[in-house]
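Heads up: the structure comes next, in C-alpha cells.
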Number of protein chains: 2
Amino acid sequence: MDEGQAVQGFAALAQETRLAVLKLLVKAGPEGVAAGAIGSSLGMQPSRTSFHLAQLERAGLIVSRRESRSVIYSASYAQLTSLIQFLMEDCCAGDPRIVSGCAPIIAKCAC
Amino acid sequence: MDEGQAVQGFAALAQETRLAVLKLLVKAGPEGVAAGAIGSSLGMQPSRTSFHLAQLERAGLIVSRRESRSVIYSASYAQLTSLIQFLMEDCCAGDPRIVSGCAPIIAKCAC
DNA sequence: TCAATTGTTCAAGGATGATTGAAATATGGA
DNA sequence: TCCATATTTCAATCATCCTTGAACAATTGA
C-alpha cells in the first residue's frame, strides 16, 4: 500500500455514513449484504447508498458481486489490514521492543 | 471511542500532508519532534504546518508540549489503537474463531 | 527593553465533497 | 415482450476543506 491508497482509504472512512456502512459490513462477515438492505438498515435513499458504496469500493475497502437482481457488498479484510499496517509500520523507528506493526501490541509496548 | 471521534480521527488521516506528518511522528517515537522540524522535513510553510498539526491534535491523534521556544509534537499511540479497534470491533459478528479485534489476526482468520 | 526565534491565528481564494431527485441501466418473471 | 425490482448515474446545489500571506503571540538572550 502506498501513501495515495492510504489517503483514499482513510478518506473513505472519514464520513459518518460510510463509516457506518463499513462497520455494518465488518460485522456482517464475508457473506456480505445487498445494497438495498444496507440502505434500508441506515435509512438512506438508493442514490445516496450507491454513492457511498462506490466510494468505499473505489478505495478497495469493500468488494461487490452481483447475485440476481441484487448487488452484494462485503468488507475487504485484507485491505483493511493493509491500511492499518501502513499507519503503524516503522513505529518508534523499528524499536526491537515492538514485535510487529499490530496496534494492540503497540498499545502494550514501550511506546 | 464513539462514531464522531472515529470520523474525526479518520478525517485527520485522510489528507496527504497530515498522513505524512503522522507517519513521521509514529516513526519518531514518544520523544516527538518540534513543529518547525516537522515543517522543514516536509517542506511546508509554518502556517500550513500549524494548521495540519492542529487538526491532528484536535482529533486526538497527536499531543503537544512546549519546550522553551519550540512546541514538540508526538503521536498518541493509545488513540491510534482506539481508532483501529473501533473499526474492527464486532468483526464477523463476534465469530469465536477470531481471537481479538487486532487486524493482523483478522487477516489470518476465517474472514 | 529590544530583537530574534518559533509557532499560531485569521481572512480570502480556489478546490473538493455530500445530498437530492430524476433519469437510465440491469435482471428476472409473467 | 412488458413490467416490476434493484441499483447506478447524472446534474445542480450547498457545504466543507486546503493553501497562502500577513499579522499576532510567546519565549529567550543580549
Side-chain angles (χ1 to χ4, degrees), chain A residues 3-25 28 31-76, chain B residues 3-25 28 31-76:
Chain A
E3 181 174 303
Q5 286 178 295
V7 168
Q8 199 179 12
F10 289 123
L13 299 173
Q15 209 276 339
E16 197 177 345
T17 299
R18 284 195 299 268
L19 188 56
V21 168
L22 186 65
K23 288 209 68 172
L24 187 155
L25 291 177
E31 318 88 48
V33 182
I38 295 169
S40 55
S41 263
L42 300 174
M44 295 191 292
Q45 294 177 327
S47 68
R48 191 175 160 206
T49 306
S50 190
F51 171 77
H52 289 298
L53 286 169
Q55 300 255 116
L56 285 165
E57 188 167 34
R58 210 171 301 131
L61 267 34
I62 65 176
V63 294
S64 65
R65 64 181 194 276
R66 180 174 277 279
E67 263 180 27
S68 176
R69 270 179 282 204
S70 297
V71 178
I72 312 290
Y73 286 89
S74 54
S76 172
Chain B
E3 181 174 303
Q5 286 178 297
V7 168
Q8 200 180 11
F10 289 123
L13 298 173
Q15 210 276 338
E16 196 176 348
T17 300
R18 284 195 299 267
L19 187 56
V21 168
L22 186 65
K23 288 210 67 170
L24 187 156
L25 291 177
E31 318 90 47
V33 181
I38 295 169
S40 55
S41 264
L42 300 174
M44 296 190 291
Q45 295 176 326
S47 67
R48 190 175 161 206
T49 306
S50 190
F51 170 77
H52 289 299
L53 286 169
Q55 300 254 114
L56 284 165
E57 189 168 33
R58 211 169 300 132
L61 267 36
I62 65 175
V63 294
S64 65
R65 63 182 196 275
R66 181 173 277 278
E67 264 181 26
S68 176
R69 270 179 281 205
S70 297
V71 177
I72 312 291
Y73 286 88
S74 54
S76 171

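Within every chain, numbering begins at 1; the chains are lettered A, B, ... in the order of the sequence lines, protein sequences first and strands thereafter. Predicted model only: the values in this text are computed from it and were never measured.
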Would you mind reading off the distance between [X] atom [atom1] and [N] atom [atom2], rounded to a whole angstrom?
X     : N      : atom1 : atom2 : answer
B/F51 : C/dT6  : CZ    : P     : 24 Å
B/R48 : C/dG13 : CZ    : C1'   : 16 Å
B/H52 : C/dG7  : NE2   : C1'   : 15 Å
A/R65 : C/dT27 : CZ    : C1'   : 17 Å
B/M44 : C/dG7  : CE    : C1'   : 13 Å

C/dA4, C/dA18, C/dG29: which one has an atom nearest the side-chain heavy atoms of B/R69?
C/dA4
Considering only heavy side-chain atoms of A/S68, the closest of C/dT6, D/dT19, C/dT27 is C/dT27
D/dA22 phosphate, OP1 or OP2: any side-chain N/O from B/Q45 under 4.0 angstrom?
no
Strictly below 4.0 Å: does B/R66 bring a side-chain N or O up to OP1 or OP2 of C/dT6?
no
Closest to the 5' end of DNA chain D, once A/Y73 and B/S47 are matched to their nearest nucleotides, is A/Y73
To the nearest 0.5 Å, tell me how far A/L53 CG sits from A/L25 CG.
7.5 Å
From the list B/H52, B/E57, B/R58, side-chain hydrogen bond (donor to acceptor under 3.5 Å, both in side chains) with B/Q55 holds only for B/R58
